[in-house]
Participant: 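Got a structure here, written out as structure tokens. Questions coming.
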Amino acid sequence: MESELPNPAQSGTDWSLEEVAAVVTDYFAMFADEVAGRPYNKREHNRALQAVTGRSAGSIEFKHQNISAVLAELGLPWLRGHKPRFNYQDALVAEIEGYLAGIPDLDAAPASPPIAVRTLFVPPPARQTGPRNAAMERLVRKFDPAGRDERNRALGFAGEEFVVEVEKRRLHAAGRSDLTKKVVWVARDEGDGVG
């Protein structure tokens, strides 16, 4: 019976290309399950990678977080439960680049449930980025910024539309339906330059 304990000789060494490929494959398998709404078990995935790589559970978790960091820097969705950590190796960026080329609908992350009005206003997330290395800079330039901008504009439009509707509903709920006609979508109706 093989032990699932990490190989002490692996501790503190760089990940090989085979190990990087295995962890990226595993990450995107979990990502596919999440997008499809299929349940998956992070711990089982981690154990399977320990058996393949000889790395510790913590080392594998950190590498998954590195993958999330690369995706976050590209403005793409990343796995919940794998908070981005921005100290990653060039080989990881190269392996992720190969996966991105083969996933046409990566932006189709699972939609969040509708936001209740009472939880609408929350503090913005803190941006956590570190200095980019050369491999990451190349990938960022290669990634489609125009497509991402178009998606961001559509998201912004939908967000503005949502806020206008929330304000109208709040007035209606407060018994001031007469004021709902005075709610103005300034960016759409008067122009973007108002601020």
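Remember, it's a predicted structure, so these values are computed and weren't measured experimentally.
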Participant: Without hydrogens or angle criteria, can the side chains of Ser68 and Arg80 be said to hold a donor-acceptor pair below 3.5 Å?
Facilitator: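 There is no such pair between these side chains.
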Participant: Give a yes or no on this: more than 12 heavy atoms of other residues, nucleotides or ligands lie within 6.0 Å of atom CZ of Arg38.
Facilitator: yes
Participant: Check whether any side-chain heavy atom of Val23 sits under 4.5 Å from a side-chain heavy atom of Trp15, and report yes or no.
Facilitator: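 Yes; the side chains approach each other to less than 4.5 Å.
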Participant: Hey, what do you get for NZ (Lys182) to NZ (Lys168), rounding to the nearest 0.5 Å?
Facilitator: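 Going from the NZ atom of Lys182 to the NZ atom of Lys168 covers 14.0 Å.
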Participant: Could you walk me through whether Tyr99 and Val24 pass the side chain to side chain contact (heavy atoms under 4.5 Å, CB included) check?
Facilitator: CA-CA 8 Å; Tyr99 265 84; Val24 170; 3.5 Å; yes
Participant: Would you indicate whether the side-chain heavy atoms of Ile60 and Lys63 approach each other to under 4.5 Å?
Facilitator: no
Participant: Would you check if the side chain of Lys83 reaches a backbone N or O of Gln65 as a donor-acceptor pair within less than 3.5 Å?
Facilitator: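 Not confirmed, Lys83 side chain does not pair with Gln65 backbone.
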Participant: For the side chain of Thr53 and the backbone of Glu19, is there at least one donor-acceptor N/O pair under 3.5 Å apart?
Facilitator: no
Participant: Check this for me, if you would: do Asp178 and Arg176 make a salt bridge, where the nitrogen-to-carboxylate-oxygen distance has to be below 4.0 angstrom?
Facilitator: yes
Participant: Is the closest side-chain heavy-atom distance between Leu76 and Leu100 below 4.5 Å?
Facilitator: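 Result yes, sub-4.5 Å side-chain heavy-atom pair found.
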Participant: Backbone N or O of Arg55 within a donor-acceptor pair of the Ser59 side chain at under 3.5 Å?
Facilitator: no
Participant: Classify the side-chain pair Ser177/His172 by whether it contains a donor and acceptor separated by less than 3.5 Å.
Facilitator: yes
Participant: Counting only heavy atoms not in Asn87, do more than 12 fall under 6.0 Å of its CG?
Facilitator: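 No, the 6.0 Å shell around CG holds no more than 12 heavy atoms from other groups.
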Participant: Please report the closest heavy-atom contact between Ala69 and Pro84, naming both atoms and the distance.
Facilitator: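 So the minimum-distance heavy-atom pair works out to CA-CB, 3.5 Å.
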Participant: Do other residues, nucleotides or ligands put more than 12 heavy atoms under 6.0 Å from Arg188 CZ?
Facilitator: yes
Participant: Show, in sequence, the C-alpha distance, side-chain angles and deciding distance for Met30 and Glu34, and conclude whether the side chain to side chain contact (heavy atoms under 4.5 Å, CB included) test is met.
Facilitator: CA-CA 6 Å; Met30 288 188 291; Glu34 190 165 299; over 6 Å; no
Participant: Can you tell me if CD on Glu150 sees more than 12 non-hydrogen neighbours from other groups inside 6.0 Å?
Facilitator: no
Participant: Hydrogens and angles aside, do Trp185 and Glu160 bring a side-chain donor and acceptor to less than 3.5 Å of each other?
Facilitator: yes
Participant: Using distance alone, with no hydrogens and no angle criterion, decide if Asp26 and His64 have a side-chain donor and acceptor under 3.5 Å apart.
Facilitator: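 Checked: Asp26/His64 side chains pair up, N/O donor to acceptor below 3.5 Å.
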Participant: Would Leu92 and Gln89 count as a side chain to side chain contact (heavy atoms under 4.5 Å, CB included) if you check the C-alpha gap in whole Å, the side-chain angles of each, and the deciding distance to 0.1 Å?
Facilitator: CA-CA 5 Å; Leu92 184 65; Gln89 67 190 107; 4.0 Å; yes
Participant: Output, in order, the C-alpha distance, side-chain angles, deciding distance and verdict of side chain to side chain contact (heavy atoms under 4.5 Å, CB included) for Leu79 and Leu71.
Facilitator: CA-CA 9 Å; Leu79 278 176; Leu71 295 175; over 6 Å; no
Participant: Run the salt bridge (Lys or Arg N to Asp or Glu O under 4.0 Å) test on Glu167 and Arg170 for me, step by step, so that the C-alpha distance in whole Å, both residues' side-chain angles and the decisive distance to 0.1 Å come before the verdict.
Facilitator: CA-CA 5 Å; Glu167 292 303 324; Arg170 283 176 38 177; 3.5 Å; yes
Participant: Please verify the inter-ring angle class for Phe31 with Tyr27; under 30° counts as parallel, over 60° as perpendicular, anything in between as tilted.
Facilitator: parallel
